[in-house]
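Below is one structure, written out as structure tokens, with a few remarks after it.
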Amino acid sequence: MKYVLQRLAFYAVTAWAAITINFLIPRLMPGDPVEALMSRYQGQLDTSAIASLKALFGLDENKSLWAQYTDYWSHLLDGDLGLSFTFFPTPVGEVISQALPWTLALVGITTLISFLLGTGIGVYSGWRRGSWLDGLLPVTTFISSVPYFWLGLIAISVFAVKWPLFPFEGGYDNSLVPAFDWPFISSALYHGVLPGVTIVLSAIAGWILGMRNMMVTVSSEDYVMVAQAKGLSERRVMFAYAARNAVLPSISAFALSLGFIVSGTLLVEMVFNYPGIGFQLLQAVGAKDYPLMQGVFLVITLSVLAANLLADMAYAFLDPRTRKEA
Amino acid sequence: MSAEPILTIRGLNVDYGTGTSGVRALRDIDLTLHRGEVLGLAGESGSGKSTLAYAVTRLLSPPGVITGGDVHYHRPGGETLDILALSADELRAFRWQELSIVFQGAMNSLNPVHTVHSQLTDVLVAHRPGMRAAERTERAKELLNLVGISADRLAAYPHQLSGGMRQRVMIAMALALEPEIVIMDEPTTALDVVMQRQILRKLVELREQLSFSVVFITHDISLLIEFSDRIAIMYGGRIVEQAGAADIYRDPRHPYSEGLLHSFPALHGPRRELTGIPGSPPHLSAMPTGCAFHPRCGKAFEPCAGRIPVLTRPDAAQEREVACWLPAPPA
């Protein structure tokens with residue numbers, strides 16, 4: 001319990017630092033959204049229009065950085081992330097909460113699938129070295145070494161253009177109204193196939209390789225030999241003795257990879273025009289949309305921290321040696 | 001002592017690797033373990049002691065392969081089991097039930113992520129399918145008491161135990177099914193001398209209580225002389241001498257046995273000078289011709305380099321064998 005509290009305190013401090021940096025970075029970048037709008041209208045805005053835009057965006061008050069910082073915190077604690085410039089006047093919170101489920105569903109599910117599948121294959125190929133599973137390794141490693149956007153584009157050109165089996169962009173059929181019903185869900189699943197399969201293909205090699213190597217290492221440990229000598233069933237030796245120890249590094253890598261679900265999807269969502277959070281971030285950066293950028297970064301930061309915390313907890317749960325006795 | 005055999009090994013050969021890159025780690029091993037006896041197996045590192053233990057239980061991991069010979073286990077009822085011919089399921093049933101092993105590495109023999117309780121009881125789950133969970137826990141407590149560890153340590157993880165405790169847990173585990181044979185592969189090597197004594201005393205005590213047969217593997221021959229009934233000395237993958245412990249101590253017939261005896265201080269008896277054995281053990285891939293020991297042997301004479309001596313009885317009256325040309329030069 002003490003361990004959990006210690007970790008929580010550590011992560012609270014880290015979160016504070018991350019949020020502060022998150023506040024500072026956009027303010028250190030040159031230019032502001034009003035300038036961006038002015039250049040978009042090529043100087044055809046008069047001064048009163050500019051003044052009213054500034055008032056609208058909250059850029060008129062000459063507040064000190066400190067005052068802005070305290071305001072930022074009080075808004076943050078209210079759950080108010082400001083209004084998006086790009087989708088003005090939609091609140092940032094709403095933009096993110098519309099995009100986040102897409103990303104979480106697509107990348108969350110594919111990350112889980114590639115972890116489970118890759119680790120499972122790794123367990124068997126490490127336990128029975130020299131079986132046909134070893135032949136899988138060069139193939140998956142080759143695929144994962146292909147840059148993701150290229151893999152995605154190839155998949156689109158083959159399976160969406162040459163043979164139009166799957167849609168080449170979007171998260172669902174635009175003629176449907178988003179709702180929790182079968183036509184919409186099936187459309188979303190259908191649109192998710194190509195991006196999902198390419199993500200799994202590009203990620204799985206890492207899991208297989210990591211797990212296989214650990215299985216090989218752990219298989220030569222004395223306790224695995226002891227388990228064999230004890231006449232335990234092969235399943236028990238393989239899972240409870242070998243795999244149970246070999247999976248530890250993969251578990252922490254998996255928990256960490258959960259944190260990158262939100263941020264790691266930029267390429268996927270660009271290639272497939274997928275309505276997720278990475279796509280919104282891209283738009284926000286293009287439009288100098290500070291509040292949206294800050295909001296997205298905040299979500300990314302918090303999800304990475306949460307994943308780290310999860311990794312710590314999972315490790316402490318799975319490996320008794322990391323638990324500190326008080 | 002009854003001379004009823006419980007484990008007979010005949011002509012056992014073990015190679016590491018196959019083809020031209022393979023080396024022979026065990027050559028024509030003939031060895032018999034009798035019911036209720038403690039058989040010591042001594043020799044330098046690389047002489048094949050542990051390989052013999054693993055081969056007998058078919059635990060050799062690749063590239064080790066058994067290339068010839070027989071290993072037979074004799075059940076108390078008189079039934080004989082050909083261990084090398086057992087199917088995977090039969091082998092699983094045989095292991096630990098009839099023959100258990102205490103391994104060399106006290107530190108790494110326990111699975112770090114499972115409790116002592118789970119590792120003591122999973123043997124029972126595998127071999128005693130009818131046993132209930134409460135009975136298994138009861139048995140695990142009993143086993144810990146047997147080796148002098150309090151039952152509250154059942155919930156402990158291996159890293160919470162000292163080296164000596166871990167090794168005692170391993171001994172308790174080896175006795176869980178009351179096997180007929182326990183192979184101890186350097187069970188005390190990683191421990192300090194005080195702990196060694198304690199564990200050995202415990203072993204002697206347990207053996208009197210439970211009367212199992214022991215194959216005790218160590219390089220510490222003075223330990224064997226005190227602890228075992230009979231000793232087999234290995235060199236370069238062969239048994240070079242076997243005899244009763246007292247006979248070996250009083251009158252070693254093989255120069256190598258003599259060298260080993262003079263390499264360790266005796267635990268009792270008059271002081272004597274430690275001389276050691278010059279040179280180092282041969283590499284398995286470059287075995288000397290003839291007797292493998294002849295390049296290091298002070299008493300080598302002309303047949304030693306050319307012809308391999310086989311285990312024979314120097315005196316027909318005595319129950320001892322030696323593989324050396326000295327007592328009986330070839331004609």
Side-chain angles (χ1 to χ4, degrees), chain A residues 3 119 123 125-131 134 211-212 214-252 254-255 311-326, chain B residues 50 53-54 56-62 86 88-116 118-129 155-160 166 169-170 173-174 176-177 179 182-183 185 190:
Chain A
Y3 174 77
T119 306
V123 168
S125 74
W127 188 247
R128 286 188 236 280
R129 263 160 288 161
S131 71
D134 284 1
M211 192 60 196
R212 184 181 183 277
M214 278 311 290
M215 273 306 274
V216 171
T217 311
V218 171
S219 294
S220 62
E221 290 284 349
D222 289 346
Y223 51 78
V224 176
M225 169 90 87
V226 172
Q228 304 266 26
K230 279 158 87 175
L232 304 180
S233 69
E234 189 175 1
R235 281 176 56 90
R236 169 116 183 127
V237 180
M238 177 164 136
F239 290 110
Y241 283 76
R244 179 66 172 70
N245 280 283
V247 82
L248 294 173
S250 285
I251 290 285
S252 51
F254 174 66
D312 276 358
M313 298 297 157
Y315 217 98
F317 177 70
L318 290 172
D319 189 346
R321 285 164 296 184
T322 54
R323 283 174 226 156
K324 282 205 195 88
E325 265 86 64
Chain B
S50 299
Y54 294 151
V56 163
T57 47
R58 282 175 59 188
L59 277 172
L60 281 174
S61 43
L86 292 180
D89 283 333
E90 290 168 338
L91 185 64
R92 253 198 293 283
F94 165 76
R95 284 175 177 171
W96 225 256
Q97 172 66 57
E98 319 269 3
L99 185 156
S100 65
I101 309 182
V102 177
F103 285 89
Q104 224 171 75
M107 293 303 168
N108 305 318
S109 292
L110 288 165
N111 185 348
V113 298
H114 290 311
T115 57
V116 169
S118 125
Q119 298 187 59
L120 280 176
T121 53
D122 65 0
V123 189
L124 300 171
V125 173
H127 292 274
R128 303 262 192 277
Y157 286 95
H159 72 278
Q160 296 164 322
R166 275 184 235 185
V169 169
M170 288 311 296
M173 197 184 287
L177 303 174
V182 180
I183 295 181
D185 186 6

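All chains are named by letter (A, B, ...) in the order of the sequence lines, taking the proteins before the strands, and each is independently numbered beginning at 1.
Residue contact with chain A, scored on non-hydrogen atoms closer than 4.5 Å, involves the backbone and the side chain of B:Ser118 alike. Both the backbone and the side chain of A:Ala240 come within contact range of chain B, judged by heavy atoms closer than 4.5 Å. Contact annotation for B:Gln97: neither backbone nor side-chain heavy atoms come within less than 4.5 Å of a heavy atom of chain A. With a 4.5 Å cut-off on non-hydrogen atoms, A:Leu248 touches chain B through its side chain but not through its backbone. At a 4.5 Å heavy-atom cutoff, the contact between B:Tyr54 and chain A is made by side-chain atoms alone.
Counting non-hydrogen atoms of other residues, nucleotides and ligands closer than 6.0 Å to CZ of A:Phe239 gives a total above 12.
Atom CE of A:Met225 and atom OG1 of B:Thr57 lie 8.0 Å apart (nearest 0.5 Å). In this structure, CG on A:Leu232 lies 10.0 Å from CD on B:Gln119, to the nearest 0.5 angstrom. Rounded to the nearest 0.5 angstrom, A:Tyr223 OH and B:Met170 CE are separated by 13.0 Å.
In this structure, A:Lys230 contributes its side chain and B:Met173 its backbone to no donor-acceptor pair below 3.5 Å.
A:Asn245 approaches B:Pro112 most closely through the heavy-atom pair OD1-CG, 3.3 Å. In terms of heavy-atom proximity, B:Val113 sits nearest to A:Leu318 at CG1-O, 3.9 Å. Of all the heavy atoms in A:Gly231 and B:Ala126, the pair that sits closest is O-CB, 4.1 Å. Minimum heavy-atom separation, B:Trp96 to A:Ala229: CE3-O, 3.1 Å.
Most heavy-atom pairs under 4.5 Å with chain A, from the set B:Val125, B:Asp122, B:Val123: that is B:Asp122.
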